[in-house]
There are 2 protein chains.
Amino acid sequence: MNVEKTAHTKRKPHAELRKTALSAAELILVEEGLGAVTARRVANETGCSVGTLYNIFGHLDGLICEVNLSTFRQMAEEASRTIRDLPESAGCEERLATLARMYLNFARTHRNRWTAVFEHRPQGPADQRIQNAEQLLFARIISAAGIDPTGANQAEADSLRMLLAAIHGVVTFAINRTIPPADAERYVTLIVQAGLRGYREMVDEGLL
Amino acid sequence: MNVEKTAHTKRKPHAELRKTALSAAELILVEEGLGAVTARRVANETGCSVGTLYNIFGHLDGLICEVNLSTFRQMAEEASRTIRDLPESAGCEERLATLARMYLNFARTHRNRWTAVFEHRPQGPADQRIQNAEQLLFARIISAAGIDPTGANQAEADSLRMLLAAIHGVVTFAINRTIPPADAERYVTLIVQAGLRGYREMVDEGLL
DNA sequence: GAGCAAAAATGAACATTGTTCAAATATGGA
DNA sequence: TCCATATTTGAACAATGTTCATTTTTGCTC
């Protein structure tokens, strides 16, 4: 009843402020890194007070989680585009290698944002929405690789998930151990190829 | 001259305090995580003042780097032990798989300390000693795998380095995405086996 | 032992963090 | 116009890393 009564008023009073605050935070993150994303700083850039920021997001962690979620969504979107543009003729290996290179490239192009996703550890349990988004992205990649993770393919999907973790490791090293760009692309591709081939060989030999 | 003159006095006046401070910091890290390692906290536990801590370590980052270095050294030591105890008959694959499992196990057993090594980003460039220790450990592992990273083996050693990055990625996921322990061991082993087999297959086919 | 200069330890003080909340302000309906 | 409610505000608090004038200790010389 009162739900209806207030229906025609602003449902989300903070809607616009929320958006500009997130934009401001994102800009700071992009240009100066996670360390520069500060309550007062974001408030200044947004044109509101710290208090308002807390009214909207509860904690600064909440704001940062939201920014990270946006980063993750953008990456997922890029992955979807990559998957869509994959030639029909492409095999599993080529598909995954292309996606892996896209991942590396995203991390490179959006260094600060990508780093923030893994640097930021909110106290308390990890943000559920990011977890979900990650699971979804993984599932989409696995399905794009041509594997339906049900029944007998369960094990194969799990192995693929581990390959994704491996790719993440290589990208991490490529990002913050200053590996030459050309080499990084080669190695990211290599881990996909070697991982897949080895896995198949083992399956063929009845080892798995 | 004056070097000799002061030779019989304490060369490193802070030597003992330094050690107890590091122990204190390590204990806090182990029990409560990196976030709890605070200047005042360490000072209290050490039985000195914050000022003294800063006289010794310059910055808190310096202290934490030192603790991380100690973690790294302990891991390297464990790796050396693992390598030493490897049966003569063990092949490259078994050797690497054993080391990878050791790495996973170390990360599990020393969760907070292992996490701190990668969580902590000192402002300014990364600590050179940790970089060096890492390079050394990698070199030792690669040599233990039976590869001499000179001449024609250069490429093979580089690929192996990437395999190590991949292992790190899998362990990272295993640690903070709550993968069942049994599965983690299996997957860490799998990435080694699949990576190596695939790599060899590609070499055999003349693709590398 | 006394005296003294250099070294070391101290902790109050400062700047910056995240966070709170009583007070001020804006809003929208009667 | 008035008022209840919702929203915004920013001073204030606790905790952080860091500094540095001051105090204390040390080790040598006489």
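A, B, ... follow the sequence lines: proteins, then strands. Residue 1 opens every chain.
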Could you check how far [atom1] of [X] sits from [atom2] of [N], rounded to whole Å?
| X | N | atom1 | atom2 | result |
| --- | --- | --- | --- | --- |
| A/F57 | D/dT7 | CZ | P | 15 Å |
| A/I28 | C/dT17 | CD1 | P | 11 Å |
| B/Q123 | D/dT16 | CD | C1' | 13 Å |
| B/L63 | D/dT16 | CG | P | 15 Å |
| B/L17 | C/dA8 | CG | C1' | 10 Å |
| B/E16 | D/dT26 | CD | C1' | 14 Å |
| B/L60 | C/dT17 | CG | P | 17 Å |
| A/D61 | C/dT17 | CG | P | 16 Å |

Next on the checklist: The side chain of A/T52 is closest to which nucleotide in this list: D/dT19, D/dA11, D/dT8?
Outcome noted: D/dT8
Next on the checklist: Can you tell me which nucleotide in C/dT19, D/dT9, D/dT19 comes closest to the side chain of B/Y54?
Outcome noted: D/dT19
Item to check | No-hydrogen, no-angle side-chain donor-acceptor test under 3.5 Å, A/R113 and A/Q74 | outcome: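 Present: a donor and an acceptor within the cut-off.
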Checklist entry - Taking OP1 and OP2 of C/dG18, is either one under 4.0 Å from a side-chain nitrogen or oxygen of A/H59? => result no
Checklist entry - For A/S49, what residues pass the side-chain hydrogen bond (donor to acceptor under 3.5 Å, both in side chains) criterion, not counting sequence neighbours? => result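 So A/S49 forms a side-chain hydrogen bond (donor to acceptor under 3.5 Å, both in side chains) with A/T52.
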Item to check | By side-chain hydrogen bond (donor to acceptor under 3.5 Å, both in side chains) - contacts of B/S70 (at least two apart) | outcome: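 Testing B/S70 for side-chain hydrogen bond (donor to acceptor under 3.5 Å, both in side chains), a comparison that skips the adjacent residues, returns B/E26.
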Would you call [X]-[Y] a salt bridge at under 4.0 Å N-O?
| X | Y | result |
| --- | --- | --- |
| A/E77 | A/R73 | no |
| A/E156 | A/R200 | no |
| A/R41 | A/E32 | yes |

Item to check | Parallel, tilted or perpendicular, as decided by the 30° and 60° cut-offs, for the rings of B/W114 and B/H168 | outcome: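 If you compare the ring of B/H168 with that of B/W114, the planes turn out tilted.
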Item to check | Proximity to DNA chain D (any heavy atom under 4.0 Å), residues of residues 38-49 of chain B only | outcome: B/T38, B/A39, B/R40
Item to check | Residue whose closest nucleotide on DNA chain D lies nearer the 5' end, A/V50 versus B/N55 | outcome: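 The 5'-side residue here is A/V50.
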